[in-house]
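Some notes on the structure that comes next.
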Amino acid sequence: PDPLRATPAPPPVLFVHGEPAAMARHGVAVVGTRRCTGYGVAVTQHLAASLAAAGVTVVSGLARGIDTASHTAAAEQGCTVAVLGHGLGRTFPKANERLRERIVATGGAVVSTFPDATRPTRFTFPIRNQWIAGLSEAVVVVEAPSRSGALITAEAAALHRRELAAVAAVRHPHVVHVFDGGDEPAPWLVMERARGTLGGVGSWSALRRALDELLAGLGAVHAAGVL
């Protein structure tokens with residue numbers, strides 16, 4: 001895929017289960033913590049579904065938590081690509097075997113840079129995280145703590161000069177009610193562009209405008225009608 005080829009040291013081979021054409025479309029990674037809140041899941045589903053409905057391939061790592069929410073929501077509206085931290089001959093976690101089948105059945109793909117029999121280890125996942133960024137033109141990190149592997153993806157995105165955004169954790173018992181109004185407080189989405197500008201988004205209407213701008217920059221259709 002072109003975005004991966006444009007990285008300083010692309011992998012020599014990419015093993016694919018599913019539809020390679022899924023990686024020929026604009027790609028946005030939505031990744032984050034395994035130990036997410038219900039709020040983080042809701043925001044992830046909202047973003048992933050909107051991106052997929054706009055014709056963007058949503059890229060993530062098939063892990064528990066935010067990755068699972070991202071793939072699940074995207075597969076319902078369009079296609080998604082899962083990048084594995086092990087060979088294609090395995091599925092980790094095992095609980096996501098059906099999700100993996102769903103990703104392939106909906107026109108997406110499951111990919112790896114490792115030979116089929118490779119086991120998941122603490123060394124393989126950081127490599128996986130780098131290629132998630134490599135396959136994407138923008139990366140959104142949701143509720144990632146300071147030691148989260150998703151921050152490796154964020155660092156790789158910055159290195160490759162890709163769009164980078166973060167949705168901060170908001171721990172409040174009633175925070176889910178932000179979905180009830182167009183201008184109610186929304187996830188604090190910070191978008192850092194390759195050119196160095198930095199801005200915050202504090203309402204759902206502003207989030208729609210920010211996502212429209214991102215999609216326009218990718219050459220994809222606008223998201224105003226689907227957010």
Side-chain angles (χ1 to χ4, degrees), residues 1 3-5 7-20 22-23 27-37 40-41 44-45 48 57-75 79-136 139-160 162 164 166-167 169:
L4 193 58
R5 189 182 296 115
T7 60
V13 63
L14 186 66
F15 301 97
V16 180
H17 174 209
E19 181 52 67
M23 293 176 285
V28 173
V30 182
V31 298
T33 182
R34 290 173 172 82
R35 299 180 179 179
C36 52
T37 65
V41 169
T44 297
Q45 291 172 334
T57 294
V58 175
V59 183
S60 200
L62 202 66
R64 294 184 178 90
I66 295 301
D67 289 16
T68 293
S70 176
H71 289 305
T72 301
C79 78
T80 178
V81 169
V83 185
L84 304 183
H86 48 79
L88 290 180
R90 304 173 182 275
T91 300
F92 182 84
K94 292 283 288 184
N96 276 349
E97 285 183 340
R98 288 189 177 182
L99 176 57
R100 174 175 174 167
E101 294 172 358
R102 173 71 174 161
I103 289 170
V104 174
T106 54
V110 179
V111 305
S112 176
T113 60
F114 302 103
D116 283 1
T118 304
R119 295 176 177 272
T121 72
R122 64 190 181 95
F123 302 107
T124 58
F125 285 111
I127 296 171
R128 179 276 309 268
N129 293 342
Q130 294 182 47
W131 299 135
I132 290 175
L135 281 168
S136 308
V139 173
V140 180
V141 181
V142 182
E143 290 191 329
S146 59
R147 295 185 179 181
S148 172
L151 296 186
I152 297 174
T153 306
E155 291 172 358
L159 177 65
H160 302 326
R162 308 292 162 84
L164 179 60
V167 178

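Note that this is a predicted model, so its numbers are computed, not measured. Position 1 is the first residue of the sequence, and the numbers go up from there.
- A donor-acceptor pair under 3.5 Å is formed between the side chain of Thr68 and the backbone N or O of Ala63.
- Pairs of residues two or more places apart, or lying in two chains, that qualify as salt bridge (Lys or Arg N to Asp or Glu O under 4.0 Å) and include a residue from residues 90-99 are Lys94-Glu97.
- No donor-acceptor distance shorter than 3.5 angstrom exists from the side chain of Asp67 to the backbone of Val31, with no hydrogens or angles considered.
- For Thr153, there are no side chain to side chain donor-acceptor pair (under 3.5 Å) partners, not counting sequence neighbours.
- For the atom pair NE2 of His17 and OG1 of Thr91, the computed distance is 9.0 Å after rounding to the nearest 0.5 Å.
- The minimum heavy-atom distance linking Val104 with Gly18 is given by the pair CG1-CA, 3.9 Å.
- Considering only residues two or more places apart in sequence or on other chains, Ala157 meets the side-chain contact (heavy atoms from CB on, under 4.5 Å) condition with Ala133, Val139, Arg162, Leu164.
- With hydrogens and angles ignored, the 3.5 Å screen pairs no side-chain donor or acceptor of Thr7 with any backbone N or O of Gly134.
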Practice prompt. Walk me through it: do Glu143 and Thr37 pass the test side chain to side chain donor-acceptor pair (under 3.5 Å)?
Written response: CA-CA 8 Å; Glu143 290 191 329; Thr37 65; 2.5 Å; yes

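- Every side-chain contact (heavy atoms from CB on, under 4.5 Å) that Pro20 has, sequence neighbours left out, goes to Val16.
- For Ala22 against Thr57, the heavy-atom pair with the smallest separation is O-OG1, 2.8 Å.
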Table please: side-chain donor-acceptor pairs of residues 107-114 below 3.5 Å, with sequence neighbours left out.
unit_1, atom_1, unit_2, atom_2, d
Ser112, OG, His86, O, 2.6
Ser112, OG, Phe114, N, 2.9

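- A heavy-atom distance below 4.5 Å is not found between the side chains of His160 and Leu4.
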Solution key, residues 116-123 side-chain donor-acceptor pairs under 3.5 Å, sequence neighbours excluded:
unit_1, atom_1, unit_2, atom_2, d
Thr118, OG1, Pro115, O, 2.9
Thr121, OG1, Phe123, N, 3.1
Thr121, OG1, Thr124, N, 3.2

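- When all heavy atoms of Val141 and Ala154 are compared, the closest pair comes out as CG2-CB, 4.0 Å.
- The CE atom of Met23 sits 6.5 Å away from atom CG of Leu135, with the distance rounded to the nearest 0.5 Å.
- With rounding to the nearest 0.5 angstrom, the CG atom of Leu99 is 5.5 Å from the CG atom of Leu62.
- With values rounded to the nearest 0.5 angstrom, Glu101 atom CD is found 11.0 Å from Asn96 atom CG.
- Applying the side chain to side chain donor-acceptor pair (under 3.5 Å) rule to Ser136 yields no partners; only residues at least two apart in sequence or on another chain are considered.
- Between His71 atom NE2 and Ile103 atom CD1 the span is 4.5 Å, to the nearest 0.5 Å.
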Discussion item. Would Val140 and Val28 count as a side-chain contact (heavy atoms from CB on, under 4.5 Å) here? Give the steps.
Written reply: CA-CA 7 Å; Val140 180; Val28 173; 4.3 Å; yes

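- Looking at every heavy atom in both residues, Thr106 comes nearest to Cys79 through O-CB, 4.0 Å.
- Partners of Asn129 by side chain to side chain donor-acceptor pair (under 3.5 Å), not counting sequence neighbours: none found.
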Discussion item. Please determine whether side-chain contact (heavy atoms from CB on, under 4.5 Å) holds for the pair Ile66 and Cys36, giving the CA-CA distance in whole Å, both sets of side-chain angles, and the decisive distance to 0.1 Å.
Written reply: CA-CA 6 Å; Ile66 295 301; Cys36 52; 3.6 Å; yes

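- The closest side-chain heavy-atom distance from Val30 to Ser60 is not below 4.5 Å.
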